[in-house]
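Data block below; observations after.
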Amino acid sequence: MSDECAARSIFAAVPHTAGTGRGVIAIERDGLAIAHLAARATQLAQLTERFREHFGMVLPDGARRVAAHGVAVAGIAPQRWLLIGEDAGEEFVSGRLALLEHYAALVELSDAYAVLRLRGAQVRASLAKLVPIDLHDTRFRPGDVAQTVLEHMPVTLWRLEDAPTGEPMIELAVGRSFAVSLYEALRESATEFGFCFEPTAKG
Amino acid sequence: MRYSLFALLRQGLMAHRGWTPAWRDAAPKSAYQVIIVGGGGHALATAYYLAKVHGITDVAVLEKGAIGLGNVGRNTTIIRSNYLLPGNLPFYEFSMQLWEGLEQDLNYNAMVSQRGVLNLFHSDAQRDAFVRRGNAMRLHGVDAELLDAAAVRRMLPFLEFDNARFPIQGGLLQRRGGTARHDAVVWGYARAASERGVDIVQNCEVTGFLRAGERICGVQTTRGEIRAETVGVAVAGNSSRVAAMAGLRLPIESHVLQAFVSEAIKPLIPCVVTFGAGHFYISQSDKGGLVFGGDIDGYNSYAQRGNLPTIEDVCAGGMALMPGIGRLRLLRSWGGVMDMSMDGSPIIDRTPLPGLYLNAGWCYGGFKATPASGYCFAHLLARGESHELARAYRLERFASGDLIDEKGQGPQPNLH
Amino acid sequence: MRINCPFCGERDLSEFSYLGDADSAKAIASAAQSEREQIDAVYLRANPAGVHRELWYHAFGCGSWLNVTRDTRTHEIFAVQLSRERTP
Amino acid sequence: MSVNRLEGEGAIERERTLSFKFDGRRYSAHPGDTLASALLAAGVSLVGRSFKYHRPRGILTAGSEEPNALVELRSGARREPNTRATMIELFDGLQACSQNAWPSRAFDLGAVNSALSRLFVAGFYYKTFMWPAAWWEKVYEPAIRRVAGLGRASAESDPDCYEKVHAFCDVLVIGSGPAGLAAALTAARAGARIIVCEEDFLPGGRLNGDRHEIDGTPGSNWARTAVAELRALPQVQFMTRTTVFGAYDGETYGAIERVSDHLAVPLAHQPRQRFWKIVARRTVLASGALERTVVFGGNDRPGVMLAAAVRTYVNRFRVTPGRRVALFTTGDDGWKTAFDLLAAQVEVPLIIDARTQVSAALLQRARGHDVQVILGGQVLSTAGSRALRRIEVLDRGGRVRRVRVDALSVAGGWSPNIALATHLGMRPRWSETINAHLSADLPASLCVVGAAAGEFSLAGALRSGAAAGREAACSVGFAAPLPSWRTDDELIDSTPLWFVPGSRGKAFVDYQHDVTAEDVALAVREGYRSAEHLKRYTTLGMGTDQGKTVQLNGHALLAARTGREVAEVGTIAARPPYTPVAIGALAARERGRNFRPYRFTPSHRWAEARGAVFVDAGQWRRAQWFPLPGETDWRSTVAREVNTVRAAVGVCDVSTLGKIDVQGHDAASFLERIYANSVSTVPVGRVRYGLMLRADGMVLDDGTVARLAEGHYLLSTSTAHLGQVMRHLTYAQQVLWPQLDVQLTNVTEQWAQYAIAGPLARTLLEQVCADALALSNADLPHMACAPLRWLGQRARVFRISFCGELGYELAVPARCAEPTVRALMQAGESLGVTPYGTEALGVMRIEKGHVAGAEINGTTTAQDLGLGRLVSQRKEFIGRVLAGRAALSAPDRPSLVGLKPLDPQARLTAGAHLLGMGAPARLQNDQGFVSSSAFSPTLGRWIGLGFLSRARERLGERIRAYDPLRNLDVPVEVVQPVFYDPEGLRVKG
Ligand SMILES: Cc1cc2nc3c(=O)[nH]c(=O)nc-3n(C[C@H](O)[C@H](O)[C@H](O)COP(=O)(O)OP(=O)(O)OC[C@H]3O[C@@H](n4cnc5c(N)ncnc54)[C@H](O)[C@@H]3O)c2cc1C
Ligand SMILES: NC(=O)c1ccc[n+]([C@@H]2O[C@H](COP(=O)([O-])OP(=O)(O)OC[C@H]3O[C@@H](n4cnc5c(N)ncnc54)[C@H](O)[C@@H]3O)[C@@H](O)[C@H]2O)c1
Ligand SMILES: Cc1cc2nc3c(=O)[nH]c(=O)nc-3n(C[C@H](O)[C@H](O)[C@H](O)COP(=O)(O)O)c2cc1C
Ligand SMILES: [Zn+2]
């Protein structure tokens, strides 16, 4: 029965490629466990300490993302982060509640977002048509996080280390209700460069 | 000199050498019975009605620059009386009636064009709100019609009906609404007031008030002190600055509204169309330019210019409504600084300081009010008490709770 | 206009929403005030032509409220602070 | 047919020929031509007619400042009126038509206006057309409108698309003339991130139009090399066909790239134009200067052309505007035109220089040719019906001579092109040196160079450009060496001649709008003496060209007529856009269905498959109702849905409601300050209805407050108000009470939520989750909530009801939405379950008297809404004080009532006003209005909610619901606002 509720593609219904070439490749990132972490007042220091002990990472104090052992944490606001687990199950949040509860509010948001990983030589050119921020190599570096607006939709972006091919890789999260409009905007911006879309097979 | 076709023909024969200045460019006297600060539409109309209705001609209009270059010279010229609330509706309808006879009254063609104002709606809820407004209008004898989508389509076939994000369900139409040639309104009132003896003093900035105890008894200006029994302030957009000279704080923020005109084209848009859901409205000027606008920029400003996000939003609204204007070109964009009041409605009232009266808070809707505002302000200045039609426009209403909030946005001026 | 959000960096106007004069915000918080004081705080504004201290919300960014000091004649911005960290 | 095409090399591809049509006639041209150069080459000098007098007009310039040569380009849905022939890059198959002429441009009936020009002076319409009053809309105005306007719009939807790009750079260089290129090269070599925007399709600016040498090579070659160097650098973006149209706050510039305008149609996946929003740390404005005309009789005749434009046509396009071309100049620069024409073997019979003295070098050079030079001369008038045939020249001795020419080039002096340096409100400053305005009060990030800064020599342009490029690069952290280039010398002396006083015939100060020197005099006579009044009265400078080539002359004339200096007259603000911009480009992708994003609930596809009809709720698409096969009338569908819920059970997707998670040690006391009613007393596991007020005491929103744990609440908001509520809460948290320990998380997207309502709701739920949760009244009473396992996931159930039946809301992680709704439908099949939409929900909430958006409209207080009893008197909360203002509790203030037509068949409509039974329909008698109405299937009649004065005293009274807009006037009874189960027993069932 629980199979039914396994993570599934939010994008399953959309057409998959447009244009020719592979300037922009979008891969749906499903199965991520996501939680919102907000420090309790006056508990930041303890939270940071606890977090370091448990995850082996220092909570970034700006719009940065760090990752270790399949868990990433991205600063999205003063004293607020998104905690992202790769292929993590339900326990990702519940299992950590006890651990962090005293220092932070930890709220499950795994289902709140549609997340795409974008790569390809033209990712920046394509995104430049969509978001009003500077994505230049030196301005939006690997590990940087940005929340901004994409055609009236609130989005969060973070840049990963470049692909082995040297292509930039950027992940983009949007509220899941916007997924179709986001997809359409992305496809139109990328078609001139060749757009490949790879939703999750499970869809 | 009276304006007429005959006068024009006669002057044509003598190379138009016989025309005289439309209004006297007066130098300030040392004292007047009434001083009106500001040389915009409201101030000039006030002066005119003071002279015409109340026989008070010892009046000076003091304008810091040249008359008519404030908001009255930069608005999108829409006139209408499609208001909802009883505090507003009779006032604006009276204004509409004054517009209807204005040209003959002033002997100046202000090109009042009753080509209709259509407000589009896109949902049942919006429709019901419009119907409520339309019914209020009808209760006051104002014309209002409810159009369904098919009727809107017949009237404006070039709107986006088939591919719209927010499909048009219909519209509220006031046929008597329309536009007027804004500059001509200024010049017409100036000429008519000047003819009746009013001094129009340009390049005369009011920089302070003269006081006798609590009482205001004149103004300081860049052209010297001028005394007066009564001082009326009608400086739209700058009301807070002038009030501050008298130590008053007002329920007003100054905001910028941008407006736009396209290159002139042959007639395309027969009426005024407003697309509330897309923050866009448009009409076509007699010269052929599409005159359009949208929301205010949304932050306190005295800069008389706006920024790109609003321009993008307005053009997007335009394209969402009328995808046929895509290849027409925007010719000029500009901004005006307006008094945004805390409930979106104006103030015509005495101030706590005897001798000082205020006409302010017109937001983006004061052009259409010009005749009635002048009429009622003149009444207040002449009689010391509010005109019946402007009774609701009191300063005290914010304290008492008698707000006139057509949009229900509350004390958040950038949302009105 | 671009506002330098202390958390997100410099961002375009389109990401922000505006509230207005920062001083009136304070008065709203102290509900213990008299009706007259509340009325003044909620409705009256200095509305200066010049330096203005005002509140903005980084709606499409980090969700922070910002205290911005700005010239209303030129739109020049002199300072931006997180409201929650503002120095009184 | 290329009668005016010259030999030799220019910037056109002679080997290739393009064909195009103008007014239906076929012509040929070459790649690199503009429509203007191609028409000139073909000997077409008459291009269109003017606005008012329908005067024949030709081509005055070679750039975007063109006032005369406006055409309708393309046809059908792609028709572009008022397009400057000088800016149209020729493509094969191009079609264009002249404007404002009927039946043809050569023979135009509108030209009778010219004969009536005695009447049609500036502002004539203000003085007439006033009688009879009703004729304005019927007769006068339509006539005026028909003749006004130039081209015709296509009313069809624009078939092309546009896109917007956000760009960032260290240095933005506007213009690619010598100054711009020098700046770009200098800064780029240092390593700065650079964007260069050039309006023209050929970079180089005046280097293409003039014959210059830089470092021993022709200027145009130097430009080509410089551009190649720039283009090769990775940190440089070099864009041609790109006009920077406006400067905005925050170092933001708007630019339009005409990606496809030089093609018949855009290539696949390419936009027609691209709108660039550029944020630049530094900007170098190298936009050059604009040449002015001189105001003299007939200065508008086809064949009269600005001198620099003549050079551009000759040198760049290898076209001459005529075969016998005279020159009328006010400075050294104009002479270059004569020399270039002569070099191209074109006859130059006459050089008229308004100055009485010129440098010997010029005279020397002229002497080598068969040219007559008149110093201190002036052109009084021109002649020729559709093209220039003759000019009349006054010499210093007072002699008038007539000279036969077919073109006249006019060099009235140069005005720095500083529009972009004034968009932020800077007023330009008059320069006595160059007799024109220069930019002033520049912000630190902006630097003006080259001719735009009044540096009129080539050497000066290069020098100032390089210096600015270096300065800009340094200021953003790059060290740049200063290059230098060798150039030939040039003479740049000039003395302005604004107008020729003894002009004969009409002398224009605004070509497009037919404003003449006489109009200026008339305006002055009538008191319109400030530059702004002159503009508005005569429309001087208000055309598509914004008076770029001639407005200053108009001001000089105004100065002379009013006894002032030109400097005293002031300037007219240049406003964005610098040149007109397609509205579609600024909208970019936001049109049609892309105007705003769509939001879909997690089970949208299921609803779609189920045949739901959707409705827009803000950005959301929500299921409005679910017709069954055979149901054709939506009312019967909704009635069935309501009846099913009331009698059995229904399921409604309420996922769009806002959901906010609130935690923290101070969560309770925080929420106490937010809500008007008490929420800290809600026990864990319970839900309470909550009301939030704005600071002014009006209701902001209502919703539920569920307490999940001691310091943990979950709030719900209405769909429409989530954004506002979230903003309000964060404001309270961060601005008002930052010391409180509160964490807010918007969890709206995380949860799919379903209302399960009806007497069989519990039965239905039990069938699917009895093992997970005890649902009895004792275990889960009304207004309780509990967690449960659902389909293997963590879920929540809330025992709440909007529709007044026994009801639950089941919240599940969004991924489980479809399995959940399917499971519910399947389990409910035997119970007769129905999905229901927003319409049925709306009907049922009216039956229950619950307020919604139509009632919570920003002008209603808790009391107005009949919720006064909820408002706590014992605590401080936002809005408490001001809600107590006198007028807000006045007894005649309308408050919520129920309304029921006396006639059970009669329809009640929202928007109707409420009047006393016998009272005449007048505003004074208005006592309120109907806010919501619906046909209640439960009651078998229309019912409504509304606001009525003195409502409390009037229950049972009969009044009218007056809706003249819909031709309805319905007697109604005032009743309690709860029509159904007033005791509220059913929700407890
Ligand atoms: C872009 C835009 C579009 C609009 N569209 C419409 C519309 O379609 N319909 C509509 O009804 N309304 C519209 N409005 C609103 C309308 O223009 C104004 O409400 C109205 O014109 C204000 O009244 P006024 O004419 O007296 O103001 P103004 O013309 O602004 O007059 C005020 C005058 O006071 C002068 N002044 C200021 N301070 C001093 C001082 N210290 N001493 C001396 N003089 C001083 C100013 O120079 C100015 O001339 C619009 C406004 C704008 C900005
Ligand atoms: N002898 C004289 O009296 C005199 C007077 C003026 C100019 N000049 C000559 O003009 C040249 C001046 O060089 P320069 O580089 O300053 O100017 P320029 O005229 O050579 O170049 C300016 C460039 O800017 C572009 N441009 C203008 N506005 C633009 C905008 N908004 N967006 C994008 N592009 C825009 C133009 O298309 C043009 O290519 C020199 O060659 C000089 O000799 C001579
Ligand atoms: C109804 C209306 C129509 C206008 N039409 C034109 C026009 O056709 N051409 C033009 O250049 N400006 C037009 N304008 C704009 C004015 O030139 C000017 O920008 C505006 O009045 C504000 O003044 P400012 O730009 O000097 O601040 C129009 C303005 C209004 C209000
Ligand atoms: Zn931020």
Is a donor from one side chain sitting under 3.5 angstrom from an acceptor on the other, for D:Glu163 and A:Ser189? no
Is D:Gln663 in contact with chain A via its backbone, its side chain, both, or neither, using a 4.5 Å heavy-atom distance? both
Neighbourhood of chain D inside residues 105-114 of chain A, taking heavy atoms under 4.5 Å as contact: A:Ala105, A:Leu106, A:Val107, A:Glu108, A:Leu109, A:Ser110, A:Asp111, A:Ala112
If one checks every heavy atom of D:Glu818 against chain A at 4.5 Å, the contacting part turns out to be neither
We want to know whether D:Thr745 and A:His36 form a side-chain donor-acceptor pair, criterion being a heavy-atom distance below 3.5 angstrom. yes
How close do A:Ala41 and D:Gln743 get, heavy atom to heavy atom, and via which atoms? N-NE2, 3.8 Å
When rounded to the nearest 0.5 Å, the distance separating OG1 of A:Thr42 from CD of D:Gln739 is 12.5 Å
Ranked by heavy-atom pairs below 4.5 Å to chain D, first place among A:Ala39, A:Ala104, A:Ala125 goes to A:Ala39
Listed by residue number, which members of residues 586-593 of chain D have a heavy atom under 4.5 Å from any heavy atom of chain A? D:Arg589, D:Glu590
Could you report the tightest heavy-atom contact between D:Gly664 and A:Arg40, atom names first, then the distance? N-NH1, 3.6 Å
Pick one of side chain, backbone, both or neither for D:Trp620, based on which atoms fall under 4.5 Å of a heavy atom in chain A. side chain
In terms of heavy-atom pairs under 4.5 Å, which option from A:Gln79, A:Gln43, A:His136 contacts chain D the most? A:His136
Which residue out of D:Pro271, D:Cys816, D:Ala814 racks up the most heavy-atom pairs below 4.5 Å with chain A? D:Ala814
Under a 4.5 Å cutoff for heavy-atom pairs, which residue among D:Leu740, D:Thr601, D:Thr820, D:Asp741 has the most contacts with chain A? D:Asp741
What are the two closest heavy atoms between D:His166 and A:Val131, and how far apart are they? CD2-O, 3.2 Å
Please classify the contact between A:Ala185 and chain D as side chain, backbone, both or neither, with a heavy-atom cut-off of under 4.5 Å. both
Under the side chain to side chain contact (heavy atoms under 4.5 Å, CB included) rule, what do D:Glu749 and A:Phe178 come out as? Steps first, then yes or no, please. CA-CA 10 Å; D:Glu749 296 267 16; A:Phe178 289 110; 4.1 Å; yes
Enumerate by number any residue of residues 94-102 of chain A whose heavy atoms lie under 4.5 Å from heavy atoms of chain D; in the absence of such residues, state 'none'. A:Ser94
Using a cut-off of under 4.5 Å on heavy-atom pairs, state which of D:Ala268, D:Pro597, D:Gly711 scores highest against chain A. D:Pro597
In this structure, are over 12 heavy atoms from other groups packed under 6.0 Å from D:Gln826 atom CD? no
Quick one: of D:Gln619, D:Arg596, D:His604, D:Arg621, who has the most non-hydrogen atom pairs under 4.5 Å with chain A? D:Arg596
Residues from residues 143-163 of chain A approaching chain D under 4.5 Å (heavy atoms): A:Glu151, A:His152, A:Met153
Distance, nearest 0.5 Å, that separates CD of D:Gln235 from CG of A:Asp137: 13.0 Å
Output for pair (D:Leu744 CG, A:Arg80 CZ), nearest 0.5 Å, gives 8.0 Å
With a 4.5 angstrom heavy-atom cut-off, which part of A:Ile133 approaches chain D: side chain, backbone, both or neither? backbone
If you measure from OG on A:Ser181 to OH on D:Tyr598, what distance do you get to the nearest 0.5 Å? 7.5 Å
In terms of heavy-atom proximity below 4.5 Å to chain A, should D:Asp666 be classed as side chain, backbone, both, or neither? neither
Residues D:Arg193 and A:Arg139: closest non-hydrogen pair is NH1-CG, 3.9 Å
Working to the nearest 0.5 angstrom, can you tell me the gap between A:Glu192 CD and D:Leu267 CG? 10.5 Å
